[in-house]
Asker: 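Mind having a look at this structure? Questions to follow.
By convention here, the first residue in the shown sequence is residue 1. Bear in mind that the values here come from a model prediction, so they are computed numbers and not experimental data.
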Amino acid sequence: MALAIVVNAMPDPRERARAIGVWASVFGLSMAAGPVTGGALIAAFGWRSVFWINVPVIVVTLVLVAVFVPESRAARARRLDWPGQLLLTAVICLFVGVLIEGPRIGWASPAALVGYALVMAAAIGFVLVELRRDEPLMDLGLFRRPPFATAVLGATAVFVALNVSLLLNTLYLQHTRGWTPLATGAATLPMALGATLCAPWSGSLVGRLGPRRPLILAGGFMTAGGLCLTDLGQDTSVPLILFAYLLIGVGFGFANAPLTNTAVSGLPPSRAGVAGAITSTARQVGAAVGIAVAGGLVAGAGPADLAAASHPGWLLVAGCGVFLFVVARASQPTVADAR
């Protein structure tokens, strides 16, 4: 929602890129505050406090939105697409569920095969429904533009990498190294620092030079950070771990502004808001998939085996970084794409 508001409120591409950079910088600050605050709450009040703290935060957010966020309505109200919403929810839930349960039930088990079939059926049903509706939940025509399609996939990949990194970090440092929740949360500070400092810089670069160079920087840093930990062991040096987290954070900081700007570039305001919302949804899907994949990789691994079990996860982080080079290649729209 936040990105859709930014896209709608900032029609000028340069101002929009800088605003997205500021948004990503604030997200980086939340990366710093969230794990450290969560660790302190768990140490002081138990794990339930991590959920209860959200209640006052949500109340304050709702008040601020009501007071400061300007209303933006289309010239004509759109009807709710209930079939599309239900089918998209089914696709995401079934897909994430298969990823989570796959290691336990077996990837080739009858239950898993049924899960694959249900995911495919829901996905096909969603596409068919959306193509036939006058006011679809998701404008699938946008995916005919290579810059938009690759930017959405890139946003998914970035949040897969981020959430794989955060979950593997938590499990490894607490279970293998025996760190406290607070110390584990503090270990993510280099990642948050890199994201916070580089996000506004990325927005400025996008405004002046376009999205390709920031995306190349994002891909390079994220790939390097993932590769640093592909040989993670029980006694890997802490400075190397923290340096890898810094690289991943820098890559994350450089990625957000060019991805969103690429997704909405060349579109009229009426479609740019939808494009921004789809990109934001892709981020949330990436977050869910990243957590599911990371959890599946280390499911059943004891403290002594967890580091080795996490190696494919760090390769996945590096692979997500490599994919950003593909997004960078497609980020300059052609005249046909902009139509």
Side-chain angles (χ1 to χ4, degrees), residues 3 7 13-14 16-21 23-24 138-165 194-195 198-228 230 247-268 271-272 274-283 285-287 289-290 293 314-339:
L3 277 178
V7 169
R14 293 189 177 185
R16 183 173 59 216
R18 295 189 182 97
I20 294 170
W23 170 87
M138 187 177 295
D139 185 357
L140 298 183
L142 292 172
F143 288 92
R144 298 191 185 100
R145 301 174 63 249
F148 175 81
T150 55
V152 170
L153 292 175
T156 305
V158 166
F159 271 70
V160 167
L162 175 66
N163 285 273
V164 166
S165 301
C198 294
W201 186 13
S202 175
S204 178
L205 287 175
V206 173
R208 290 188 294 109
L209 304 174
R212 181 167 294 182
R213 294 184 188 180
L215 282 171
I216 290 173
L217 289 171
F221 280 108
M222 189 168 290
T223 301
L227 291 177
C228 283
T230 53
L247 293 176
I248 293 170
V250 170
F252 178 82
F254 274 116
N256 279 293
L259 286 172
T260 304
N261 201 70
T262 297
V264 304
S265 62
L267 293 174
R271 303 183 80 195
V274 175
I278 293 174
T279 308
S280 184
T281 301
R283 289 178 166 90
V285 172
V289 171
V293 169
W314 296 115
L315 279 173
L316 175 61
V317 172
C320 290
V322 170
F323 182 72
L324 291 181
F325 292 110
V326 178
V327 183
R329 180 68 179 84
S331 63
Q332 300 296 337
T334 64
V335 174
D337 294 332
R339 291 175 182 172

Asker: Taking it one step at a time, do Thr260 and Arg283 satisfy side chain to side chain donor-acceptor pair (under 3.5 Å)?
Answerer: CA-CA 11 Å; Thr260 304; Arg283 289 178 166 90; 2.9 Å; yes
Asker: What are the two closest heavy atoms between Ala330 and Thr150, and how far apart are they?
Answerer: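 In terms of heavy atoms, the two residues are closest at CB-OG1, 3.6 Å.
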Asker: Heavy atoms, side chains only, cut-off 4.5 Å: are Leu215 and Leu259 in contact?
Answerer: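 Leu215 vs Leu259: side chains touch.
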Asker: Looking only at heavy atoms, which two atoms of Ala157 and Phe323 are closest? And how far apart?
Answerer: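 Here Ala157 and Phe323 meet closest at CB-CD2, 4.2 Å.
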Asker: Is the Phe159-Phe252 ring centre distance short of 6.0 angstrom?
Answerer: yes
Asker: Taking Trp201's backbone N and O only, do any of them form a donor-acceptor pair with Ser204's side chain (distance below 3.5 Å, no angle check)?
Answerer: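 It does not hold such a pair.
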Asker: Does any part of the side chain of Met222, heavy atoms only, come nearer than 4.5 Å to the side chain of Leu247, both counted from C-beta?
Answerer: no
Asker: What is the minimum heavy-atom distance between Ala161 and Cys320, and which atoms define it?
Answerer: CB-CB, 3.9 Å
Asker: From Met138 CE over to Thr281 OG1, what is the distance, rounded to the nearest 0.5 angstrom?
Answerer: 6.0 Å
Asker: Out of curiosity, Asp139 CG to Leu142 CG, how far, rounded to the nearest 0.5 Å?
Answerer: 4.0 Å
Asker: Which heavy-atom pair separates Ser165 from Val317 by the least distance, and what is that distance?
Answerer: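 Reported closest heavy-atom pair: OG-CG2, 3.6 Å.
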Asker: Below 4.5 Å, heavy atoms only, C-beta onward: do Leu205 and Phe254 meet side chain to side chain?
Answerer: yes
Asker: What's the spacing between Arg212 CZ and Leu217 CG if we round to 0.5 Å?
Answerer: 13.0 Å
Asker: Here's a test for you: under side chain to side chain contact (heavy atoms under 4.5 Å, CB included), which of Leu324, Asn163, Val327, Leu153 qualifies with Val158?
Answerer: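 Exactly one candidate clears the test, Leu324.
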Asker: Using modelled atom types only, decide if a donor and an acceptor are shared between the side chain of Thr156 and the backbone of Val152 within a distance under 3.5 Å.
Answerer: yes
Asker: Restricting to non-hydrogen atoms, name the atom on Ile216 and the atom on Phe325 that form the minimum distance, rounded to 0.1 Å.
Answerer: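 Heavy-atom minimum between the residues: O-CE2, 3.6 Å.
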Asker: If I take atom CD1 from residue Ile248 and atom CH2 from residue Trp314, how far apart are they, to the nearest 0.5 angstrom?
Answerer: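 Between Ile248 CD1 and Trp314 CH2, I get 5.0 Å after rounding to 0.5 Å.
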Asker: For Ala263 and Thr279, work out which heavy atoms get closest and say how close.
Answerer: CB-OG1, 3.3 Å
Asker: Does some side-chain heavy atom of Asn256 sit less than 4.5 Å from a side-chain heavy atom of Ser202?
Answerer: no
